[in-house]
2 protein chains.
Amino acid sequence: MQYAPDPHPDESPLVPAAGLRGRSAAHVAERLRDMILAGELPPGERLSERMLTEGMGVTRTPLREAFKILEAEGLLVIAPNRGAQVVKLSPADVDMAMELLAGLESVAAELACARGTAEQFAQVAALHARMVACQRAGDLVGYFRINQNIHQNIVDCAHNPALSRVYRAESARVRLYRFAGNRVSARWSRAVMEHEQILLALQQRQGPLLRELLRVHHLNGWRVTRLVLENEVQPDL
Amino acid sequence: MQYAPDPHPDESPLVPAAGLRGRSAAHVAERLRDMILAGELPPGERLSERMLTEGMGVTRTPLREAFKILEAEGLLVIAPNRGAQVVKLSPADVDMAMELLAGLESVAAELACARGTAEQFAQVAALHARMVACQRAGDLVGYFRINQNIHQNIVDCAHNPALSRVYRAESARVRLYRFAGNRVSARWSRAVMEHEQILLALQQRQGPLLRELLRVHHLNGWRVTRLVLENEVQPDL
DNA sequence: ACTCGTCTAATTGCATGCAATAATGCGATG
DNA sequence: CATCGCATTATTGCATGCAATTAGACGAGT
């Protein structure tokens with residue numbers, strides 16, 4: 001795995017000095033988080049301080065602070081004297097995380113129907129349209145990204161920042177693992193149908209129905225994903 | 001606010017050298033977390049690096065790493081060039097957090113009824129007995145601690161580590177604010193009655209009922225707490 | 001007296017150095 | 001040939017130093 005070291009560290013530092021004092025660790029954490037969520041730093045990858053500092057143009061102190069942040073977020077594990085690794089979740093871990101996400105969404109569902117604004121619902125509908133376009137175009141990556149976005153937006157409709165924050169963090173932890181499950185065409189088309197119903201229930205503010213639809217949607221999606229992760233079903237996409 | 005500086009730094013360092021290399025930041029974070037949750041570092045308190053390093057016998061590097069951890073947990077805020085402060089939640093923040101906690105408990109309720117073991121239920125029952133004893137003895141602090149413990153234990157009955165972890169973290173964030181609401185005797189006795197019903201529903205594995213009981217219990221408790229926080233009701237304990 | 005500006009001291013952010021630990025290479029031995 | 005032991009190297013954990021920024025004291029001007 002490459003760390004993309006900066007080819008011109010003296011000419012264009014990735015963390016320039018101008019007015020960014022005091023945000024170095026947060027900046028590095030964000031960069032690493034993006035790399036982990038993009039799969040550039042795969043689960044189990046060991047993060048060498050030297051390589052990363054050279055690659056990102058910062059010194060060890062802010063990098064190590066970023067490690068602590070990401071460890072608290074559950075994206076890294078730090079073993080004493082042996083550095084940081086990207087967390088590697090077992091199927092059981094993902095199972096538990098998915099159960100939690102489904103629970104959070106079910107809580108959000110009723111709140112969203114009670115408090116979501118028409119503008120927010122329109123935003124979800126617009127995302128849905130874009131997602132369908134991605135499906136038609138066979139753009140799996142774009143589809144998955146927008147799909148995640150839709151679910152986060154539904155949660156955000158609950159107008160509860162704490163709920164949104166927790167959902168975002170827990171969702172991030174398992175993003176890579178969920179992606180695997182979408183690589184099955186039969187599931188893909190069915191998921192879109194489920195999303196149609198979800199969107200309708202949201203727009204009609206049918207809380208209990210939305211809740212049940214999301215529950216089943218999660219159950220279905222995770223069942224397929226689990227089969228793929230356990231190599232019992234081969235992805236056909 | 002005092003930082004309890006170590007009176008004998010050379011004779012008994014609070015973070016001794018023996019085999020604890022690599023856990024300094026975690027150790028400091030735990031200590032600070034305890035101090036915050038105990039109210040020794042009240043909301044809004046500014047955390048001076050110099051005072052804390054002198055008080056805890058560590059240097060600034062692990063202390064600053066601990067700050068980052070606690071910031072990620074939502075217990076501190078770090079303003080660039082101006083250091084760390086204990087978070088000060090607005091009533092609206094606490095409101096949102098309580099809604100999230102209620103949601104997490106309602107999710108846990110059904111899972112706990114489905115999966116909790118008889119031993120776990122007995123543990124909850126034992127805690128309940130101790131809590132009642134505290135109420136009889138007028139031990140508000142002990143009551144509150146065991147009360148928190150009971151709720152965490154019910155969530156733990158769901159056998160979902162991710163759910164337990166999130167519940168623990170979010171619960172910690174608002175612990176100090178919830179405590180205020182228990183200082184009203186009328187609420188106190190009613191809360192114990194609600195707990196009796198909750199325990200029964202759990203033991204009888206009546207998921208939907210437990211869910212509803214917890215929802216109402218939260219609603220009632222938080223209503224009183226909010227009144228106290230907003231100074232509309234005077235604590236009588 | 002109050003406000004504003006300046007200077008100084010204190011504090012924070014980050015870089016770097018040193019010591020402890022773990023990883024690695026290599027020869028000796030079974 | 002594989003394995004163990006040891007020395008070397010690399011890496012991590014923490015302490016400390018320096019520069020940037022802020023907070024506070026002090027005095028001039030209104």
Side-chain angles (χ1 to χ4, degrees), chain A residues 1-3 5-6 9-10 12-32 41 44-72 76-87, chain B residues 1-3 5-6 9-10 12-32 41 44-72 76-87:
Chain A
M1 175 59 48
Q2 290 289 62
Y3 290 93
D6 187 339
D10 294 330
S12 62
L14 295 184
V15 179
L20 266 65
R21 182 189 159 97
R23 277 156 229 251
S24 210
H27 203 256
V28 171
E30 189 183 334
R31 241 178 99 78
L32 287 176
L41 297 173
E45 178 87 354
R46 176 132 176 249
L47 302 184
S48 148
E49 292 183 2
R50 199 166 63 81
M51 282 187 182
L52 288 171
T53 51
E54 289 174 3
M56 314 214 301
V58 293
T59 53
R60 291 175 57 215
T61 306
L63 175 66
R64 289 172 55 80
E65 289 176 353
F67 281 177
K68 298 292 184 187
I69 294 170
L70 295 173
E71 186 185 34
L76 295 182
V77 288
I78 302 179
N81 295 314
R82 284 200 280 139
Q85 277 183 263
V86 180
V87 270
Chain B
M1 175 59 47
Q2 290 288 61
Y3 289 94
D6 186 350
D10 293 330
S12 63
L14 295 183
V15 180
L20 264 68
R21 182 189 158 98
R23 275 154 232 236
S24 209
H27 203 255
V28 171
E30 189 182 333
R31 240 178 100 79
L32 288 175
L41 298 172
E45 177 88 354
R46 180 136 174 248
L47 303 184
S48 150
E49 292 184 2
R50 200 166 60 81
M51 282 189 183
L52 287 173
T53 50
E54 289 174 1
M56 314 213 300
V58 294
T59 52
R60 292 175 57 215
T61 306
L63 175 67
R64 288 172 57 79
E65 289 176 354
F67 281 177
K68 298 292 184 188
I69 294 170
L70 295 173
E71 186 184 35
L76 296 182
V77 288
I78 302 179
N81 295 315
R82 285 199 278 136
Q85 279 183 260
V86 179
V87 261

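Bear in mind that the values here come from a model prediction, so they are computed numbers and not experimental data. For the numbers below, each heavy atom of this structure counts, side chains included, while hydrogens, waters and symmetry mates do not. Each chain gets a letter, A, B and so on, in the order the sequences are listed, and its residues count up from 1.
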(Q) Please enumerate all residues that pass salt bridge (Lys or Arg N to Asp or Glu O under 4.0 Å) together with Arg82(A), with sequence neighbours excluded. (A) none
(Q) So, using side chain to side chain contact (heavy atoms under 4.5 Å, CB included) as the criterion, who are the partners of Arg23(B) when residues are at least two apart? (A) Pro80(A)
(Q) Between C1' on dC14(C) and CD1 on Ile78(B), what's the gap in Å once rounded to a whole number? (A) 14 Å
Q: Mind calculating the distance between CD (Glu54(A)) and P (dT16(C)) to the nearest angstrom?
A: 12 Å
(Q) Can you tell me which nucleotide in dG13(D), dC14(C), dT11(C) comes closest to the side chain of Glu49(A)? (A) dG13(D)
Q. Going by number, which of residues 60-69 of chain A have a non-hydrogen atom under 4.0 Å from DNA chain D?
A. Arg60(A), Arg64(A)
Q) Does some side-chain heavy atom of Leu32(B) sit less than 4.5 Å from a side-chain heavy atom of Leu52(B)? A) yes
Q. Is Gln85(B) reaching over with its side chain to a backbone N or O of Gly44(B), donor-acceptor style, under 3.5 angstrom?
A. yes
Q: To the nearest Å, give me how far apart CD (Gln85(A)) and P (dT12(D)) are.
A: 11 Å
(Q) Could you work out, with side chain to side chain contact (heavy atoms under 4.5 Å, CB included) as the rule, every residue matching Val86(A), not counting sequence neighbours? (A) Ile36(A), Leu41(A), Glu45(A), Leu47(A), Leu76(A)
Q. From the list dT11(D), dT12(C), dA19(C), which nucleotide is the closest neighbour of the side chain of Arg21(B)?
A. dA19(C)
Q.
Distance check needed: dG13(D) P versus Glu71(A) CD, whole Å only.
A. 10 Å
Q) Rounded to the nearest Å, what distance is computed from the CZ atom of residue Arg46(A) to the C1' atom of nucleotide dT24(C)? A) 12 Å
Q.
By nearest heavy atom, map Arg82(A) and Arg23(A) onto DNA chain C; which one lands nearer the 5' end?
A. Arg23(A)
Q: Could I get the full list of salt bridge (Lys or Arg N to Asp or Glu O under 4.0 Å) partners for Glu49(B), not counting sequence neighbours?
A: Arg60(B), Arg64(B)
Q) Under 4.0 Å between a side-chain N or O of Ser24(A) and OP1 or OP2 of dC14(C)? A) yes
Q. Where the side chain of Arg50(B) is concerned, which of dT21(C), dC14(C), dT11(C) is the nearest nucleotide?
A. dT11(C)
